[in-house]
Each structure stands twice: as structure tokens, then as C-alpha cells.
Engineer: 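Next up is a structure, given as C-alpha cells.
Side chains are part of it too, since the values below use all heavy atoms of this structure and drop only hydrogens, waters and symmetry mates. Just so it is clear, the model here is predicted, and its values are computed rather than measured.
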Amino acid sequence: MPSAVRSSRGSSALRFGRFTAMGAVAVLILIAGVWASWGTAQHVMLTKGRERGTVEVTRCAEDACEGPFRPLSPGAQPRERVVLDDTVAVEKGRTYTVVLKPGGREAVRSGPAGVLYAWVPLGGALLLASVVVAGGLLRTRLGWVMALAGAGLLTAAFVAL
């Protein structure tokens with residue numbers, strides 16, 4: 001009889017350890033996704049006091065596109081050249097609404113497409129964490145919800161861009 005008690009305590013300790021470890025991994029993945037997204041999302045979502053305008057793309061290189069900045073917000077100054085770092089769905093000759101990062105040289109896309117694109121790393125983190133939640137924590141419903149949320153975010157960003 002004592003051996004049955006010991007194995008019960010041992011297996012519950014192992015379950016708790018697995019739950020704690022997998023929970024920590026899932027939370028770490030989600031924090032990393034938010035952290036990676038927030039670097040761009042803060043400029044797109046919190047636009048009060050930032051310079052907003054349009055950029056007509058005149059030249060694109062491998063990792064950046066550039067063009068003249070035309071202000072739309074009060075206090076914004078026109079610039080000969082600003083840089084859009086990520087060239088995903090940016091084409092030469094088109095005009096995009098942007099928000100300038102502090103310093104005035106780098107721009108990020110604004111509007112719904114910019115917001116969704118900024119949160120793409122979180123969408124990937126949701127997909128990755130859903131596997132950990134469903135497999136490691138044995139919470140399949142929550143895993144499916146997270147996976148569908150991540151896939152929905154990535155799909156919406158793809159469609160918007």
C-alpha cells in the first residue's frame with residue numbers, strides 16, 4: 001500500500017512540473033511575440049503627437065524603399081526622403097500613408113494594413129504557443145483558440161497588405 005501512495009505523489013509532482021514548465025514556455029513565447037510586435041505597433045497605434053503623412057515610393061532596394069514625405073498632420077514637415085524599412089507589399093510608384101518614427105527618417109505604414117502588419121510576430125507566436133498549450137498542457141480547446149487567432153491575424157495581415 002505505501003508504494004501506491006508514493007507513485008501517486010510522484011506522478012502528481014511530475015504533472016505539476018510539466019504543467020509549470022510548459023506554461024512558462026507558452027508565456028515566454030507570447031511575451032516574445034508581443035515584444036517583437038510592439039516595436040512597430042507603438043508608432044502605428046499611438047499616433048498622437050507623431051508626424052503623419054504619405055510617401056510616394058520612388059526607389060526600392062533589397063531591404064528598404066524610399067520617397068518624399070508629404071505631411072497630413074498639423075506640425076508635420078515635408079521631407080525629401082524617408083525610408084520604409086520593410087518592403088513587404090510596397091511597390092515603386094505607389095503612395096502609402098505612413099507615420100514617422102521619432103527622428104524623422106524612418107516611416108512605418110499606418111492604417112489597418114500597418115496595424116495588422118505590425119502585429120504579425122504576435123500571430124506567429126500564437127501559432128507556436130498553441131502547439132505548446134495543446135500538446136504540453138493538454139488544453140486542446142485553448143490551443144485551437146490560440147491557433148485560430150494566430151492564423152486569423154496572419155491571414156488578415158496578408159489580405160490587408
Side-chain angles (χ1 to χ4, degrees), residues 20-137 139 141-161:
T20 303
M22 290 297 114
V25 169
V27 168
L28 185 63
I29 291 169
L30 292 175
I31 289 172
V34 170
W35 185 272
S37 297
W38 188 245
T40 302
Q42 66 178 324
H43 302 294
V44 177
M45 296 174 68
L46 306 173
T47 60
K48 186 175 182 179
R50 299 192 194 268
E51 295 183 76
R52 295 179 304 245
T54 61
V55 171
E56 181 181 349
V57 177
T58 56
R59 192 178 81 140
C60 285
E62 287 183 21
D63 59 345
C65 289
E66 59 185 46
F69 175 75
R70 306 280 183 256
L72 294 177
S73 63
Q77 301 295 320
R79 290 179 173 74
E80 288 288 323
R81 188 182 86 138
V82 295
V83 177
L84 285 165
D85 281 335
D86 297 318
T87 60
V88 175
V90 176
E91 297 175 11
K92 184 177 174 182
R94 293 195 57 193
T95 301
Y96 300 97
T97 58
V98 297
V99 175
L100 293 182
K101 290 182 177 181
R105 288 271 303 164
E106 294 182 42
V108 292
R109 287 185 65 175
S110 63
V115 171
L116 289 170
Y117 182 65
W119 288 106
V120 163
L122 178 63
L126 282 166
L127 282 174
L128 184 59
S130 71
V131 175
V132 175
V133 168
L137 296 176
R139 303 286 190 256
R141 286 185 185 147
L142 180 59
W144 274 109
V145 168
M146 291 172 68
L148 290 174
L153 178 58
L154 294 174
T155 303
F158 177 77
V159 169
L161 290 175

Engineer: Can you list everything that forms a side-chain contact (heavy atoms from CB on, under 4.5 Å) with Val115? Sequence neighbours excluded, please.
Structural biologist: Val44, Met45, Trp119
Engineer: Among residues at least two apart in sequence or on other chains, which ones pass side chain to side chain donor-acceptor pair (under 3.5 Å) with Arg141?
Structural biologist: none
Engineer: Between atom CG of Leu116 and atom CG of Leu122, what is the distance when rounded to the nearest 0.5 Å?
Structural biologist: 11.5 Å
Engineer: Sequence neighbours excluded, which residues qualify as side chain to side chain donor-acceptor pair (under 3.5 Å) partners of Thr95?
Structural biologist: none
Engineer: Could you work out, with side chain to side chain donor-acceptor pair (under 3.5 Å) as the rule, every residue matching Ser110, not counting sequence neighbours?
Structural biologist: Thr97
Engineer: I need the Thr54 OG1 to Tyr96 OH distance, nearest 0.5 Å.
Structural biologist: 12.5 Å
Engineer: Considering all heavy atoms of both residues, which atom of Cys65 and which atom of Val57 are nearest to each other, and what is their separation?
Structural biologist: CB-CG1, 3.8 Å
Engineer: Salt bridge (Lys or Arg N to Asp or Glu O under 4.0 Å) with Glu56: which residues, sequence neighbours excluded?
Structural biologist: none
Engineer: Using the side-chain contact (heavy atoms from CB on, under 4.5 Å) criterion, which residues pair with Ala107? Sequence neighbours excluded.
Structural biologist: Val82, Leu84, Val98, Leu100
Engineer: Partners of Arg50 by side chain to side chain donor-acceptor pair (under 3.5 Å), sequence neighbours excluded?
Structural biologist: His43
Engineer: How close do Thr58 and Lys92 get, heavy atom to heavy atom, and via which atoms?
Structural biologist: O-CE, 3.0 Å
Engineer: For the residue pair Pro71 and Ala76, what are the closest heavy atoms and their distance?
Structural biologist: CB-CB, 3.4 Å
Engineer: Please identify each residue that fulfils side-chain contact (heavy atoms from CB on, under 4.5 Å) with Leu154, with sequence neighbours left out.
Structural biologist: Val120, Leu127
Engineer: So, taking the atom named CG in Leu126 and the one named CG in Leu148, what distance separates them when rounded to the nearest 0.5 Å?
Structural biologist: 10.5 Å
Engineer: Give me each pair satisfying side-chain hydrogen bond (donor to acceptor under 3.5 Å, both in side chains) with a member in residues 71-84, each pair once, sequence neighbours excluded.
Structural biologist: Glu51-Arg79, Glu66-Arg81
Engineer: List the residues meeting side-chain contact (heavy atoms from CB on, under 4.5 Å) with Leu142, not counting sequence neighbours, and say none if there are none.
Structural biologist: Val133, Arg139, Met146
Engineer: Val83 and Ala64: which non-hydrogen atoms are nearest, and at how many Å?
Structural biologist: CG1-CB, 3.7 Å
Engineer: At their closest point, which heavy atom of Pro121 faces which heavy atom of Ala36, and how far apart are they?
Structural biologist: CB-CB, 3.8 Å
